[in-house]
**Q** 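Shown below is the structure under consideration.
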Amino acid sequence: MASGTSRDVVGRGLRVLGRAIREQPRIFAVAVTGSVLFGLMVIASAYVVGGVVGKVVVPAVARGSVTDGALALAAAALFGISVLRVVGIFGRRLGAGYMQYRLQATYRRRVTRRYLDLPLAWHHRNATGTLLSNANSDVEAAWYPIAPLPFAVGTLVMLVGAVVSLFLTDWALALVGLAVFPALFALNVVYSRRMAPRQARAQRLRAEVSGIAHESFDGALVVKTMGREAQETARFAARAGDLRDALISVGRLRGVFDPMLETLPSLGTLAVLVVGAIRLRQGAITVTELVSVAFLFTVLAFPVRAIGWVLAELPRSVAGWDRVRRVLDATGEMPYGEVALDPATPAPATLAFHDVHFGYEPAEAHLPGTEVLGEVTFTVPAGKTVALVGPTGAGKSTIASLAVRLVDPRTGTVTLDGVDVRQLTAASLASTVALVAQVPFVFDDTVRANIALDRPGIGDEEVWAALRLAEADGFVAALPEGLDTMVGERGTSLSGGQRQRLTLARALAGRPRLLVLDDATSAVDPRVEAAILAGLRAPADGGAPASILVVAYRRATIALADEVIYVEQGRVVARGTHTDLLATVPGYADLVTAYEQAEQEREQTRTYDEVTPLTSGLEVEVDR
């Protein structure tokens with residue numbers, strides 16, 4: 001991998017830059033025009049300086065005086081060239097900067113959009129830290145050479161102009177230029193090829209360091225409660241040390257080549273002076289021409305470095321682009337259909353599974369997949385509540401994900417009102433069904449923003465109605481700023497049950513016709529849970545009740561369901577009422593009894609007199 005990269009890094013890097021130019025041709029044209037103007041003025045300044053020295057300074061020294069007219073003309077010429085150089089610099093830098101930042105912003109949006117299009121199975125195979133690195137540092141690295149690129153293109157034009165000028169001046173001086181410029185370019189190519197594997201490794205390690213840091217911070221509760229601070233610190237330090245060593249390797253190579261790249265143009269200037277002095281004694285050139293050529297080599301040293309800057313950053317650009325392209329080229333997205341259910345229909349929706357099979361893709365392509373569900377067939381009738389019950393790992397959460405189309409079945413169909421969910425538009429699916437997940441996610445925003453999510457038609461009245469239905473209006477009203485209270489990152493200022501009720505209110509605010517609850521009330525008090533489920537079955541505001549598919553554990557919750565679906569090892573093994581299954585299915589009876597015993601033990605240790613963080617001393621029910 002590394003050797004292949006080192007051989008073709010220049011070609012691959014130039015293709016990445018070509019893509020950038022095709023995407024932003026007008027901005028690039030502005031930047032290059034400014035750079036070319038700057039380059040032409042550099043050449044012009046060399047000949048103006050030579051003319052001033054040969055035709056103004058030397059005669060003035062010989063005469064012992066200088067004429068005001070000649071001095072004014074020389075000053076005007078130098079001033080005019082300086083003004084045009086400033087205009088060129090401004091156009092080049094403004095265009096290059098705008099192009100670079102615009103491309104970075106564009107590709108951050110594309111990567112993020114691709115993340116949202118790809119299925120959960122793809123996300124399960126990729127670490128969060130890596131995905132963060134793709135959207136941030138990898139995008140930056142891919143377009144980092146854009147800043148010096150217009151300067152380098154202008155420099156190439158300047159070099160061509162300089163070589164032509166040298167040939168028009170003297171063939172011997174031109175040969176010096178032909179020796180120096182290709183040598184400088186070849187040195188840059190060697191530098192880029194040696195740098196390629198180092199930059200690729202450094203970019204990969206950046207993602208790994210980001211991944212470990214994100215995992216440690218995200219799992220801070222586990223790390224601290226398990227006393228793993230030292231081990232996590234050591235794990236992070238080891239990978240950070242690898243990144244340090246990789247970056248030192250990059251810096252060491254740069255330290256070797258940078259002096260060589262700086263010295264070569266200076267050696268060219270020295271060679272011009274030696275050869276030029278000989279040619280001057282021979283009468284082949286004049287003092288004006290010698291000064292012009294020497295000054296030209298002097299001022300070319302810095303612009304020529306722009307080519308080196310681009311070539312030096314190509315390995316990093318290629319490494320970043322490869323990682324970005326891996327996301328953009330990823331397959332497996334779930335395209336939506338074109339069928340829209342009638343949005344004016346207030347009736348609850350009917351959910352049906354027909355011989356559904358599902359399995360998660362393996363982390364590596366050569367490994368076999370694992371089937372999670374097989375031959376799953378059941379129906380949630382309109383307006384009814386169906387409970388999914390089964391042991392851990394039976395596939396209950398997967399069924400919930402299929403119901404809201406977070407994943408698609410391998411075979412079989414999932415339908416809403418008789419329409420395959422794969423045929424529905426995104427808007428129709430989102431307005432019809434809502435999922436409240438097992439682990440509640442709350443944004444670092446206000447209570448109002450977390451529930452409304454900027455959805456049209458959801459004002460404060462609808463927010464309070466949803467809160468009442470979720471039995472959350474009481475604790476929200478007691479918060480210091482009510483709906484305007486900031487809940488903190490992931491809702492850290494709220495208890496577990498409060499977070500669950502907020503996410504439930506978020507789902508209810510959209511008035512879904514099907515509500516899927518994946519153990520969504522496990523952290524609330526059983527009495528509160530019973531009130532919530534009763535409210536969902538018969539809303540106090542007179543609205544139509546939603547159909548409900550609930551992954552349940554508590555006997556009280558299960559007993560409220562119209563039908564219970566009992567699953568084991570990804571298959572429906574029994575269905576019926578709670579009472580019937582207790583009497584006829586030993587596995588179901590044992591499981592529910594075990595759940596009930598565990599719940600009773602939790603209830604015995606639960607306290608109800610704690611104070612939540614945001615209630616400013618008001619005693620509220622704690623439902624952690």
Side-chain angles (χ1 to χ4, degrees), residues 1 5 12-13 15-24 27 99-146 199-200 203-215 218 316-338 358-365 369 398 401-402 404-410 421-430 433 435 437 441 443-444 453-455:
M1 176 68 179
T5 303
R12 294 169 61 202
R15 286 194 292 273
V16 174
L17 298 182
R19 185 186 188 98
I21 295 170
R22 289 192 299 273
E23 293 202 17
Q24 304 290 337
I27 302 175
M99 181 178 177
Q100 181 185 31
Y101 297 136
R102 188 170 183 175
L103 281 167
Q104 289 175 352
T106 297
Y107 274 84
R108 282 194 181 99
R109 288 192 294 266
R110 289 182 184 177
V111 168
T112 303
R113 179 71 260 176
R114 193 67 185 144
Y115 286 161
L116 298 176
D117 288 338
L118 289 166
L120 286 180
W122 185 87
H123 287 271
H124 292 160
R125 298 194 300 269
N126 294 273
T128 303
T130 300
L131 302 185
L132 291 173
S133 178
N134 292 154
N136 187 28
S137 63
D138 291 334
V139 169
E140 287 185 359
W143 306 121
Y144 198 79
I146 295 301
Q199 287 282 23
Q203 199 65 19
R204 186 184 70 253
L205 287 171
R206 283 189 179 96
E208 293 180 9
V209 168
S210 175
I212 294 175
H214 179 274
E215 190 175 53
D218 208 34
R316 182 182 176 191
S317 175
V318 169
W321 174 249
D322 286 346
R323 295 170 63 82
V324 170
R325 190 178 61 182
R326 184 186 67 87
V327 176
L328 298 179
D329 293 346
T331 59
E333 70 274 15
M334 300 186 299
Y336 290 96
E338 299 180 355
F358 177 81
Y360 289 105
E361 296 295 330
E364 299 180 22
T398 302
S401 297
L402 286 162
V404 297
R405 210 196 166 205
L406 290 178
V407 293
D408 282 336
R410 286 183 177 175
V421 293
R422 289 170 288 199
Q423 299 176 1
L424 294 176
T425 64
S428 183
L429 184 63
V433 60
L435 169 70
F441 181 85
F443 295 96
D444 185 10
L453 294 182
D454 290 329
R455 288 174 287 183

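Since the structure is predicted, the reported quantities are computational estimates derived from the model, not experimental observations. No hydrogens, no waters, no symmetry mates; every other heavy atom, side chains included, goes into these values.
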**Q** As a quick check of understanding, evaluate side chain to side chain contact (heavy atoms under 4.5 Å, CB included) for Val407 and Leu402, giving each step before the final call.
**A** CA-CA 5 Å; Val407 293; Leu402 286 162; 3.7 Å; yes

**Q** Report the distance from atom CZ of Phe358 to atom OG of Ser401, rounding to the nearest 0.5 Å.
**A** 7.5 Å

**Q** Once rounded to the nearest 0.5 Å, what's the spacing between atom CE of Met99 and atom CD1 of Ile27?
**A** 7.5 Å

**Q** Is any side-chain heavy atom of Phe443 closer than 4.5 Å to a side-chain heavy atom of Leu453?
**A** yes

**Q** Say you draw a straight line from CD of Gln423 to OH of Tyr336; how long is it, rounded to the nearest 0.5 Å?
**A** 14.5 Å

**Q** Pair Gln104, Ile146 - check side chain to side chain contact (heavy atoms under 4.5 Å, CB included), show working.
**A** CA-CA 10 Å; Gln104 289 175 352; Ile146 295 301; over 6 Å; no

**Q** Does OH belonging to Tyr101 count more than 12 external heavy atoms closer than 6.0 Å?
**A** no

**Q** Working to the nearest 0.5 angstrom, can you tell me the gap between Arg114 CZ and Asp329 CG?
**A** 8.5 Å

**Q** Using the ring of each side chain (for Trp, its six-membered ring), is Tyr107 parallel, tilted or perpendicular to Trp143, with breaks at 30° and 60°?
**A** tilted

**Q** Between Gln100 and Tyr144, is a side chain to side chain contact (heavy atoms under 4.5 Å, CB included) present by the stated rule, with each step listed?
**A** CA-CA 7 Å; Gln100 181 185 31; Tyr144 198 79; 4.1 Å; yes

**Q** Without swapping roles, check the side chain of Arg422 against the backbone of Asp408 for a donor-acceptor pair under 3.5 Å.
**A** no

**Q** Could you tell me if the side chain of Gln24 sits less than 4.5 Å from the side chain of Arg102, heavy atoms only?
**A** yes

**Q** Looking at every heavy atom in both Leu429 and Val404, which two are closest together, and how far apart are they?
**A** CD2-O, 3.8 Å

**Q** Quick check: closest heavy atoms across Val16 and Ala142, and the distance to 0.1 Å?
**A** CG1-O, 4.0 Å

**Q** Report the residues that fulfil salt bridge (Lys or Arg N to Asp or Glu O under 4.0 Å) with Arg113, sequence neighbours left out, ordered by chain and then residue number.
**A** Asp117

**Q** Check the pair Arg110 / Glu23 against salt bridge (Lys or Arg N to Asp or Glu O under 4.0 Å), numbers first and verdict last.
**A** CA-CA 13 Å; Arg110 289 182 184 177; Glu23 293 202 17; 3.2 Å; yes

**Q** Quick one: are Asn134 and Arg326 in side-chain contact, heavy atoms under 4.5 Å?
**A** yes

**Q** Check whether any side-chain heavy atom of Trp321 sits under 4.5 Å from a side-chain heavy atom of Arg12, and report yes or no.
**A** no

**Q** Go through the steps to decide whether Asp322 and Arg325 satisfy the test side chain to side chain contact (heavy atoms under 4.5 Å, CB included), and finish with yes or no.
**A** CA-CA 5 Å; Asp322 286 346; Arg325 190 178 61 182; 3.6 Å; yes

**Q** Below 4.5 Å, heavy atoms only, C-beta onward: do Leu131 and Tyr115 meet side chain to side chain?
**A** yes

**Q** On a heavy-atom basis, which atom in Ala141 and which in Gly320 lie closest, and how many Å separate them?
**A** CB-CA, 4.2 Å

